[in-house]
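Nothing fancy with the numbering, it's 1 onward along the sequence.
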Amino acid sequence: MTVERKPRKDAVRNRAAVFAAADTLFARCASPEEVTMADIAAAAGVGKATLFRAYGDRNGLIRALYQARLEPITEAVERGPQPLGPATPAPLRVPALLDALLCFKLDNRHLALALEGSGADSPYRTEHYEHWHTLLRDLLRLVPGPADTDFTAHALLAATRADLVAYLAGEKEVPREELRAQLASFTAAILDARTGPGTAAAAQ
């Protein structure tokens, strides 16, 4: 029987300090590219070598931080109640998932920008994107309509891309609730086009 080892207290403490420092730096920066591993190490009070041992590189740290901050949404999606949880009807769950992603990216704008810019070749090949695309695609397969669920999932996720969210909320200064309403309308139009008018609303 294998006994799972708990992280050392200093490792847990370092992780919390690193994540808090990275959060602050990404929130205050003009552009996520400005934040370096050296900046995060200095702000967290740990050695740069500690970061590289724990996360491999800057992209690894960004992915770990993003995953940690997204954990409440991940938990709600995997095990929570409606409207995000697995028992939710697909026409209701799809807009709820997209709204949750939008709100998360509004609240963590520069971190999301850093993550979506961290792919080696394409943002569409990153693990986080493939996860959400697969989830939406599989949900869309439960909604009657054309068989183009793969493309439709890409199109819906495109409306929550971090660079678009940053542009609309930042440069265009579109209010948060207006952005949420626009995304909900767009999603409803996509679902209605697959199933007929009012389907998404009727599912609620």
Side-chain angles (χ1 to χ4, degrees), residues 4-7 11-12 14-27 32 40 51 54-120 122-143 149-150 152-166 169 176 179-180 183-184 187 191 200 203-204:
E4 187 176 343
R5 295 177 61 185
K6 292 184 178 180
V12 174
N14 284 346
R15 176 184 169 91
V18 166
F19 283 1
D23 271 335
T24 300
L25 290 170
F26 279 120
I40 295 170
L51 293 191
Y55 304 105
D57 57 18
R58 181 177 180 273
N59 290 345
L61 190 156
I62 290 169
R63 286 192 296 270
L65 175 58
Y66 190 94
Q67 210 167 24
R69 297 300 177 249
L70 194 64
E71 182 59 31
I73 294 177
T74 303
E75 179 69 20
V77 169
E78 294 179 354
R79 288 175 281 277
Q82 295 191 21
L84 291 176
T88 311
L92 179 57
R93 197 178 184 202
V94 168
L97 288 170
L98 291 166
D99 181 67
L101 279 177
L102 173 63
C103 290
F104 179 83
K105 291 182 181 182
L106 285 168
D107 293 336
N108 300 272
R109 204 172 306 169
H110 285 161
L111 174 60
L113 281 169
L115 179 77
E116 291 185 8
S118 68
S122 166
Y124 305 106
R125 297 180 187 275
T126 56
E127 184 179 353
H128 81 278
Y129 184 88
E130 290 181 349
H131 168 77
W132 289 104
H133 176 264
T134 299
L135 178 58
L136 281 172
R137 182 201 64 201
D138 291 349
L139 283 171
L140 288 167
R141 287 175 176 170
L142 302 176
V143 179
T149 54
D150 190 77
T152 303
H154 281 303
L156 288 169
L157 282 174
T160 69
R161 273 188 57 89
D163 52 359
L164 176 61
V165 172
R176 180 190 186 95
L179 279 176
R180 294 181 68 193
L183 178 60
T187 306
L191 293 176
Q204 300 181 38

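For Arg161, the salt bridge (charged side-chain N to carboxylate O under 4.0 Å, His left out) partners two or more places apart in sequence, or in a different chain, are Asp163. Every residue meeting the salt bridge (charged side-chain N to carboxylate O under 4.0 Å, His left out) condition with Asp107, not counting sequence neighbours, appears here in chain and number order: Arg176. For Asp99, the side-chain hydrogen bond (donor to acceptor under 3.5 Å, both in side chains) criterion is met by Arg180, not counting sequence neighbours. For Tyr129, the side-chain hydrogen bond (donor to acceptor under 3.5 Å, both in side chains) criterion is met by His154, not counting sequence neighbours. In this structure His128 satisfies the side-chain hydrogen bond (donor to acceptor under 3.5 Å, both in side chains) test together with Thr126, sequence neighbours excluded. In this structure, the side-chain hydrogen bond (donor to acceptor under 3.5 Å, both in side chains) partners of Glu75, at least two apart in sequence or on a different chain, are Arg79. Residues passing the salt bridge (charged side-chain N to carboxylate O under 4.0 Å, His left out) test with Arg69, sequence neighbours excluded: Asp23. Residues satisfying the side chain to side chain contact (heavy atoms under 4.5 Å, CB included) test with Ala68, not counting sequence neighbours, are Arg15, Phe19. Among residues two or more places apart in sequence or in another chain, the side chain to side chain contact (heavy atoms under 4.5 Å, CB included) test is passed with Gln67 by none.
Atoms CD1 and OH, on Ile40 and Tyr55 in that order, are 9.5 Å from each other to the nearest 0.5 Å. If you take CG on Leu102 and CG on Leu98, they are separated by 9.0 Å, rounding to the nearest 0.5 Å. Atom CG of residue Leu51 and atom CG of residue Asp57 lie 11.0 Å apart, to the nearest 0.5 angstrom. Summarising the geometry, atom CH2 belonging to Trp132 is positioned 13.0 Å from atom CD belonging to Glu127; distances are rounded to the nearest 0.5 Å.
Contact record, Leu61 with Ala22: CD2-CB, 4.3 Å, taken as the closest heavy-atom pair. Taking each heavy atom of Ala153 and His133 in turn, the nearest pair found is CB-CD2, 3.5 Å. Heavy atoms only, all atoms of each residue included: Pro95 and Leu191 are closest at CD-CD1, 4.0 Å. Across every non-hydrogen atom of Pro89 and Gln82, the tightest pair is CD-NE2, 4.0 Å. In terms of heavy atoms, Pro86 sits closest to Val77 at CD-O, 3.3 Å. Closest non-hydrogen pair, Leu84 versus Ala100, comes out as CD2-CB, 4.1 Å.
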Show every donor-acceptor pair shorter than 3.5 Å between a side-chain atom in residues 134-142 and any protein atom, with sequence neighbours excluded, or say none if there are none.
| unit_1 | atom_1 | unit_2 | atom_2 | d |
| --- | --- | --- | --- | --- |
| Thr134 | OG1 | Glu130 | O | 2.8 |

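For residues 87-107, the ring pair (Phe, Tyr, Trp, His ring centres under 6.0 Å) pairs, not counting sequence neighbours, are Tyr66-Phe104. Within the structure, salt bridge (charged side-chain N to carboxylate O under 4.0 Å, His left out) pairs that include any residue of residues 83-94 do not occur (at least two apart or interchain).
In the displayed structure, Glu71 atom CD is contacted under 6.0 Å by more than 12 heavy atoms of other residues, nucleotides or ligands.
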(Q) Phe26 vs Ile62, test: side-chain contact (heavy atoms from CB on, under 4.5 Å). Steps then yes/no. (A) CA-CA 10 Å; Phe26 279 120; Ile62 290 169; 4.0 Å; yes
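A side chain to side chain contact (heavy atoms under 4.5 Å, CB included) with Leu106 is found for exactly one of Leu179, Thr160, Leu101, namely Leu179.
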